[in-house]
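As structure tokens, the structure follows; a few thoughts come after it.
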2 protein chains.
Amino acid sequence: MPSSTVENYVKQMYLLEQELQPDLVPMGRMAASLGITPGTATTMVKALAESGLADYEPRSGVRLTEGGRRLALHVLRRHRLVEAFLVKTLGLDWSEVHEEAEQLEHVISDKVLERIDVYLNRPRRDPHGDPIPDGRGRIDEAREPTLNDCSLSSPWVVVRIHDQEPEFLQFVERIGLTPGGRVEVCSRDRIADAVTFRNHHAKEISVSTAVAAKIAVAAPPNDVDTQGGTK
Amino acid sequence: MPSSTVENYVKQMYLLEQELQPDLVPMGRMAASLGITPGTATTMVKALAESGLADYEPRSGVRLTEGGRRLALHVLRRHRLVEAFLVKTLGLDWSEVHEEAEQLEHVISDKVLERIDVYLNRPRRDPHGDPIPDGRGRIDEAREPTLNDCSLSSPWVVVRIHDQEPEFLQFVERIGLTPGGRVEVCSRDRIADAVTFRNHHAKEISVSTAVAAKIAVAAPPNDVDTQGGTK
DNA sequence: GATGATACTTTGAGGATTCAAAGTGCCGTC
DNA sequence: GACGGCACTTTGAATCCTCAAAGTATCATC
Ligand SMILES: [Mn+2]
Ligand SMILES: [Mn+2]
Ligand SMILES: [Mn+2]
Ligand SMILES: [Mn+2]
């Protein structure tokens, strides 16, 4: 069985591949995002390549193999289902569950995982709006528009927050942008590096484009829509 | 923070102290019950002594210090609350939760633990009837009588099973002796090494004294009793 | 095309945990 | 009181993961 360390490496590699969409994830990014020294990253990634989970190109970077991707998605599934469970069942705050899941993701058996999945009625997204891979390792990798890209003066719904920092998540909550919340972007000012929007209380708020990029949105659901009946 | 390994050692040491009530737990028992070689046990126990969790007397055995006992009870609390939670909330079988809890006990934060405790309404016992230490490290260490000690021909209630093996627990269930079940011992035959009892279906069953020793019982509750009102 | 900056790799080492195998102390038996 | 047996300890080595520091490749710039 893969160690927690290996699971963390492949999971992080997957997340960086998604975030950067690069041909290869540079070693520096791996090291930085895992909080280890570059030398350690090199050593471990070589071991990962040895065991067939990654393809390593010296002085260029790494990429997950098919097997590595499968493992990464399994870990991610455990992580996100645990987050959802902790929020919905035990009432933890959505800003604090990431940290908890970081440990739990390595010790949840398939049996417990399946129970949680059923208990929560097979959720598609975790409390931060991150998509949950299904039991077969399929995941919705669609990139939603953010407050930086969406059309001005039209209604949107927050679907995902691309940040796990408790302070940031609490800030997001304070400005009314938790997943499910309505927004309408009023204006963008490239020079001021600011995006101004109205939340569901019609309150006007401005954030930097760096922050705006972390708030993903989608078209609001049709009211005529049948809820959750799309086999 | 103590590693999982250290937590397993002190927990096991506590369990052996309770089971054997010896002055010192012999190294051989430690090694056997943890499934490691005697040499490893010696090395680790010396390290435990170094860090103040145990008192080690070469060629005699070990004993937990006050600090070691505190840690052991904290781990035991996590273990048993997790077992209760898995059975009551996620519907796992009581025979399979021990194994799951063996891993989860090392990664449950104080916050999650407290939520589970509240969610379950601060249970006093886990699914096997094992007492759950409270948040301050207090535990009911009372030794209940077993099918080997209790009076003949009078009603008793099963309160605890002193074994965690799935097959044994399933067997116990099959003969109707899960915690809460009624029993009445009909006879004991020292020579035949057998104990014969009637379960709540009035069915007569015989088991060896070794098995009988694992079934702890208590006097049935007074029907006039006020349920759960003893501050 | 030499110079440096920067990113990456290699090397040497240490901590934690484990084992196999060899060594040692203790205890009862004769 | 010597002998054996058994429980326990010591030793040497391995695995996994990590770091600090030294070495090296690559790429932009002059
Ligand atoms: Mn993790
Ligand atoms: Mn999440
Ligand atoms: Mn354990
Ligand atoms: Mn138990």
Side-chain angles (χ1 to χ4, degrees), chain A residues 1-13 16-17 19-20 22-64 67-68 71-72 75 102-103 105-107, chain B residues 1-13 16-17 19-20 22-64 67-68 71-72 75 102-103 105-107:
Chain A
M1 301 301 88
S3 65
S4 298
T5 305
V6 166
E7 291 189 344
N8 283 333
Y9 274 76
V10 296
K11 186 187 66 172
Q12 203 54 49
M13 206 178 294
L16 288 174
E17 282 183 359
E19 180 188 338
L20 311 172
D23 192 40
L24 292 168
V25 176
M27 283 299 154
R29 295 301 292 259
M30 280 299 293
S33 66
L34 287 166
I36 58 182
T37 61
T40 302
T42 299
T43 308
M44 276 303 300
V45 162
K46 284 198 330 201
L48 256 35
E50 270 308 299
S51 55
L53 294 168
D55 287 332
Y56 168 53
E57 299 188 8
R59 309 213 100 100
S60 301
V62 241
R63 184 179 17 239
L64 286 174
L71 175 56
V75 179
E102 207 51 58
Q103 300 309 312
E105 67 188 359
H106 308 295
V107 299
Chain B
M1 298 303 88
S3 65
S4 298
T5 305
V6 166
E7 292 190 341
N8 282 334
Y9 275 75
V10 297
K11 187 188 66 171
Q12 204 53 49
M13 206 179 294
L16 288 175
E17 283 184 357
E19 181 187 337
L20 311 172
D23 191 39
L24 291 166
V25 177
M27 284 305 182
R29 295 302 291 261
M30 281 298 295
S33 66
L34 287 165
I36 59 182
T37 61
T40 302
T42 299
T43 308
M44 277 302 301
V45 162
K46 280 186 352 191
L48 256 33
E50 270 306 299
S51 55
L53 294 168
D55 287 332
Y56 169 55
E57 299 188 9
R59 309 211 100 98
S60 302
V62 241
R63 184 181 16 239
L64 286 174
L71 176 57
V75 178
E102 208 52 57
Q103 302 307 312
E105 67 188 359
H106 308 295
V107 298

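Within every chain, numbering begins at 1; the chains are lettered A, B, ... in the order of the sequence lines, protein sequences first and strands thereafter.
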Round to a whole Å and report the spacing from [atom1] of [X] to [atom2] of [N].
{"X": "B:Ile36", "N": "D:dT9", "atom1": "CD1", "atom2": "C1'", "answer": "14 Å"}
{"X": "B:Arg59", "N": "D:dT9", "atom1": "CZ", "atom2": "C1'", "answer": "5 Å"}
{"X": "B:Leu34", "N": "C:dT18", "atom1": "CG", "atom2": "P", "answer": "8 Å"}
{"X": "B:Arg29", "N": "D:dC8", "atom1": "CZ", "atom2": "C1'", "answer": "16 Å"}
{"X": "B:Glu57", "N": "C:dC26", "atom1": "CD", "atom2": "C1'", "answer": "15 Å"}
{"X": "B:Gln12", "N": "C:dT17", "atom1": "CD", "atom2": "P", "answer": "16 Å"}

Is it true that, when you exclude B:Arg63 itself, more than 12 heavy atoms of the residues, nucleotides or ligands shown sit nearer than 6.0 Å to its CZ?
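Enclosed: over 12 neighbouring heavy atoms sit under 6.0 Å from CZ of B:Arg63.
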For A:Ser60, answer base if it contacts any base atom (sugar-phosphate contacts may also be present), sugar-phosphate if it contacts only those atoms, and nothing otherwise; contact means non-hydrogen atoms under 4.0 Å.
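A:Ser60: no heavy atom of the nucleic acid under 4.0 Å.
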With a 4.5 Å limit on heavy-atom distance, are the side chains of A:Val6 and A:Leu71 in contact?
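They are in contact (side-chain heavy atoms under 4.5 Å apart), so the answer is yes.
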Side chains of B:Gln12 and B:Val25: does their closest heavy-atom pair fall under 4.5 Å?
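Of all side-chain heavy-atom pairs linking B:Val25 with B:Gln12, none is under 4.5 Å.
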Counting distance only, does the side-chain N/O of B:Glu7 pair as donor-acceptor with the main-chain N or O of B:Val75 below 3.5 Å?
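No.
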Atom pair CE (A:Met44) and CE (A:Met30), whose distance is rounded to the nearest 0.5 Å:
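Going from CE on A:Met44 over to CE on A:Met30, the span is 9.0 Å.
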Would you jot down, in residue-number order, the residues of residues 37-53 of chain A having a non-hydrogen atom under 4.0 Å from DNA chain D?
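The stretch gives A:Thr37, A:Thr40, A:Met44 as the residues lying under 4.0 Å from the strand, ordered by number.
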Partners of B:Ala41 by side-chain contact (heavy atoms from CB on, under 4.5 Å), sequence neighbours excluded?
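Partners of B:Ala41 by the side-chain contact (heavy atoms from CB on, under 4.5 Å) criterion, ordered by chain and then number, come out as B:Ala31, B:Ile36.
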Under 4.0 Å between a side-chain N or O of B:Tyr9 and OP1 or OP2 of C:dT18?
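So the side-chain polar atoms of B:Tyr9 do come within 4.0 Å of the phosphate oxygens OP1 or OP2 of C:dT18, strictly under.
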